Protein chains: 2
Amino acid sequence: MDTRHMRYFMALAETLHFGRAAERMNMSQPPFSRQIAMIEHTLGVKLFERNSRNVALTPAGKHFMKDCRNVLGQFEDACRDVRLIASGMKGELRFGFMMHAAHSVVPQLVQLYAEARPDVRLVLDERTPTEIDEMLVAGTLDAAVTFDCGYAPHLQAVLLARERLRIIMRKDHPLATAGQIGPDELRDEKIIAAPAATAPALRSAINSYFSAGGIVPRVVLEPRLQHTIIQLVAKGLGVALIPASLCTELGAGLTSRALSDAPQLDVVLRAPITTKNPAVSTFMEIGKSIQRTSL
Amino acid sequence: MDTRHMRYFMALAETLHFGRAAERMNMSQPPFSRQIAMIEHTLGVKLFERNSRNVALTPAGKHFMKDCRNVLGQFEDACRDVRLIASGMKGELRFGFMMHAAHSVVPQLVQLYAEARPDVRLVLDERTPTEIDEMLVAGTLDAAVTFDCGYAPHLQAVLLARERLRIIMRKDHPLATAGQIGPDELRDEKIIAAPAATAPALRSAINSYFSAGGIVPRVVLEPRLQHTIIQLVAKGLGVALIPASLCTELGAGLTSRALSDAPQLDVVLRAPITTKNPAVSTFMEIGKSIQRTSL
DNA sequence: TCCATCTGATACCCTGAAAGCATTGATCGT
DNA sequence: ACGATCAATGCTTTCAGGGTATCAGATGGA
């Protein structure tokens, strides 16, 4: 038994006429009759009651017809789907992103891609930049949005946006109403920043900003999550330098200010060059289209 | 593409080794390799990444594996089920029965059959004897329990039980405490009985009982449903002759009495001789086993 | 570095499943 | 009774798919 035999059976079950069923199968009647006989023989089941005048389904044949319709449908679907998956029209894309990009490019990227490839299941995974790098290398992620940290072999990258850092503080903090803010003004401030092990690019940008002014920053707290940093600032435990896009939705007691010669960070979309997931390529393409509008 | 090809694919997907997969398919490696290449070619999809040292599934291949497992499973099921249906182990049996047998043989028959053939769906259909006869001929029922009405071509029959008729009446009715009850005692009673058009065997048994005593019964009401007859007797509108098995669960105000020379009716299990439903034969066999215990 | 070995791909041949054509046999309507 | 219709059967042919032998690329040990 084979799907071909099921198709023969279905043709006869639907037409109840050997000649016409054979025609539908693009063959002549005699071999078709033989195939039907063969099917019945191998199954050991009489599927049709027939004489030289009439053809009718047996009860077993009626049930088999339903089952065959099912099986053939699923069979076709499987063949169709594997093509769609291979072409990137269907499947799954594991997409990582850092919190620092969650409010800017990520929503846009996700929305555009979901519109372009509605049958690809986007698995979103918020991670720290370091975790993202590891998972991209390990193949646990297909693509990710993170800060550009320079050299990365076997990873392709698309520049999505360039973000300036701003400083955030409580509204009752002296700096909230001060003039220009640069490294010098921050000399004695308690700084809250993610550790280098978690967000190397961000931390090194902050460090460079201070060391360019000859200052050693007083980093008093190093929480791993961006969320936590903002909460600690809100409790008055210090100030923090965070990407501008995260400053739009601060809590009530917080405010942000621009920095003089503010450090810039590149937000990139990354994926392994040797990715086997065909869904990635259009994801990267959509990244490029975002780049054109955001830069 | 065919299920055979899917099986080849699955063998390779599970072993990730051409030689061993070919062996599992009981063939040599070269034609197996060709078949895999053919599958990939006809689908237009690369399912395996391979060199002379390693074989691995592509993402599309991984998805296809799941789909194939599904399809192959359903395929096997369909072939297995059609055999079960043809052997009467699975399927559907449309079973009609008259109310007059609902309290005696029908529950037993249904229970025994459900135990013997748990995968056959028993469709129960309570009908009047006349409806049952029509539906058996029309093929709307596969089998039915009804009164034996003598000659019935192209119907096979198994005698299930022989039921005596008893008379039912209100407890405050004079007959409830009278001596022997025969046609003579019923001469002036108002009789309630199903019309001949609905239950010919029953009605003719009642008529014969009276005419044997030279009596013409005073049939005052002719409801079609057995249920209604009992209700009308309860309201004091007359008395009725009903099968003994229905007398065990009369309402509070009713009682039943034996009749002298009570008429007997044969309860039979019937099915078309030329039935195409393979589930019927064991149903009839179980009927025969009930017959042995009940007679 | 070279060779033995493992593994998948290719070349070529051969068998049999399945298709085609011609015909038979059974059934129904005129 | 006869012709028309339709499924079944007999016989031939073809090609999909299997077998054997061999090649070619990769790996690991000497």
Side-chain angles (χ1 to χ4, degrees), chain A residues 1-58 60-62 64-65 68 72 75 79 274 276, chain B residues 1-58 60-62 64-65 68 72 75 79 86 154 274 276:
Chain A
M1 277 291 295
D2 239 331
T3 47
R4 187 170 47 90
H5 296 115
M6 280 192 172
R7 270 183 270 269
Y8 290 165
F9 167 77
M10 286 301 289
L12 184 56
E14 283 171 2
T15 62
L16 295 177
H17 188 289
F18 278 76
R20 277 188 279 281
E23 193 179 9
R24 183 188 290 192
M25 291 289 102
N26 298 310
M27 61 195 287
S28 58
Q29 173 262 319
F32 183 83
S33 289
R34 265 198 304 266
Q35 288 298 322
I36 296 293
M38 228 266 283
I39 294 168
E40 291 185 322
H41 182 255
T42 54
L43 285 178
V45 171
K46 211 175 174 192
L47 297 169
F48 298 96
E49 294 287 344
R50 54 186 179 280
N51 50 41
S52 58
R53 213 64 199 168
N54 294 306
V55 179
L57 280 162
T58 61
K62 271 191 196 125
F64 194 50
M65 197 173 157
C68 284
L72 290 175
F75 181 86
C79 295
T274 61
K276 266 115 187 187
Chain B
M1 277 292 293
D2 239 333
T3 47
R4 186 170 46 90
H5 296 116
M6 280 192 172
R7 269 183 271 270
Y8 290 164
F9 167 76
M10 286 301 289
L12 184 55
E14 283 171 2
T15 63
L16 295 177
H17 188 288
F18 278 76
R20 279 188 279 281
E23 192 179 9
R24 182 189 292 192
M25 291 291 102
N26 298 311
M27 61 195 286
S28 57
Q29 172 262 320
F32 183 83
S33 289
R34 263 201 311 267
Q35 288 298 324
I36 295 293
M38 229 266 283
I39 294 167
E40 290 185 322
H41 182 255
T42 54
L43 285 178
V45 171
K46 210 176 175 194
L47 298 169
F48 296 96
E49 295 287 346
R50 54 188 178 279
N51 51 41
S52 58
R53 211 67 198 169
N54 293 307
V55 179
L57 281 162
T58 61
K62 273 193 196 122
F64 194 50
M65 199 173 153
C68 283
L72 290 176
F75 181 86
C79 295
H154 54 255
T274 60
K276 266 116 189 185

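Throughout, a chain's letter reflects where its sequence line sits, starting with A, and its residues are numbered from 1. Only this structure's heavy atoms are used, side chains among them; waters, hydrogens and symmetry mates stay out. Here the structure is a predicted model, which is why all the values come from computation and not from measurement.
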*For A/Met27 and B/Phe18, take the nucleotide of DNA chain C holding the closest heavy atom to each; which residue's nucleotide lies nearer the 5' end?*
B/Phe18

*Look at B/Ser28 and D/dG19 and indicate whether a side-chain polar atom (N or O) is within less than 4.0 Å of OP1 or OP2.*
yes

*Can any side-chain N or O of B/Glu40 pair as donor or acceptor with the backbone N or O of B/Lys46 at less than 3.5 Å?*
no

_Whole-Å gap separating P (D/dC6) and CZ (A/Phe32)_ = 15 Å

*Counting distance only, does the side-chain N/O of A/Asp2 pair as donor-acceptor with the main-chain N or O of B/Thr3 below 3.5 Å?*
yes

*Tell me, yes or no, whether the heavy-atom count around B/Gln29 atom CD, taken from other residues, nucleotides or ligands under 6.0 Å, exceeds 12.*
yes

*Nearest listed nucleotide, side chain of B/Arg53, among D/dT27, C/dT27, C/dA9*: D/dT27

*asked:* Can you list, in residue-number order, the parts of residues 36-50 of chain A that come under 4.0 Å of DNA chain C, counting heavy atoms only?
replied: A/Met38

_From CG of A/Asp2 over to C1' of D/dG17, roughly how many Å is that when rounded to an integer?_
13 Å

*asked:* I want to verify a distance call: between D/dG17, C/dA19, D/dG19, whose nearest atom is closest to the B/Arg4 side chain?
replied: D/dG17

*Find which nucleotide of DNA chain C each of B/Asn51 and A/Asn51 is nearest to by heavy atoms, and output the residue with the more 5' nucleotide.*
B/Asn51

*Give, for atom SG of B/Cys68 and atom CZ of B/Phe75, the distance between the pair rounded to the nearest 0.5 Å.*
13.0 Å

*asked:* Looking at C/dC6, I'd like to know if its phosphate oxygens (OP1 or OP2) sit under 4.0 Å from a side-chain N or O belonging to B/His17.
replied: no

*asked:* OP1 or OP2 of D/dG18 versus the side-chain N and O atoms of B/Gln35: is any pair under 4.0 Å?
replied: yes

*For atom CE of B/Met25 and atom P of D/dG17, their distance in whole Å*: 15 Å

_Check: C/dG20 base within 3.5 Å donor-acceptor of A/Arg34 side chain_ = yes

*Hey, could you give me the CE/SG distance between B/Met6 and A/Cys79, rounded to the nearest 0.5 Å?*
4.5 Å

*Nearest 0.5 Å, what's the CZ-OH distance between B/Phe18 and B/Tyr8?*
13.5 Å

*Please report, rounded to the nearest Å, how far the P atom of C/dA18 is from the CZ atom of A/Arg7.*
14 Å

*asked:* Looking only at the side chain of B/Val55 (C-beta and beyond, no hydrogens), which of the listed nucleotides D/dG18, D/dA4, C/dG8 gets closest?
replied: C/dG8

*What is the distance from CD of B/Glu23 to P of C/dG8, rounded to the nearest Å?*
13 Å

*From CZ (A/Phe48) to CG (A/Asn54), nearest 0.5 Å*: 13.5 Å

*How sharply is the helix from C/dT1-D/dA30 to C/dT30-D/dA1 bent, taking the axes over five pairs at either end and rounding to 10 degrees?*
20°

*Which heavy atom in A/His17 sits nearest to a heavy atom in A/Leu12, and how many Å separate them?*
N-CD1, 3.5 Å

*asked:* Of the options C/dG20, C/dA22, C/dA11, whose atoms approach the side-chain atoms of B/Pro30 most closely?
replied: C/dA11

*Can you tell me how far CD of B/Gln35 sits from NE2 of B/His41, rounded to the nearest 0.5 angstrom?*
13.5 Å

*Backbone N or O of A/Arg20 within a donor-acceptor pair of the A/Thr15 side chain at under 3.5 Å?*
no

*Figure out the CD/P separation between A/Gln29 and C/dA19, and round it to whole Å.*
13 Å

*Any B/Ser33 side-chain N or O less than 4.0 Å from OP1/OP2 of C/dG8*: no

_In this structure, how many angstroms lie between the P atom of D/dA16 and the OH atom of B/Tyr8, rounded?_
15 Å

*Contact class for A/Arg20 (heavy atom, under 4.0 Å): base, sugar-phosphate, or nothing?*
nothing

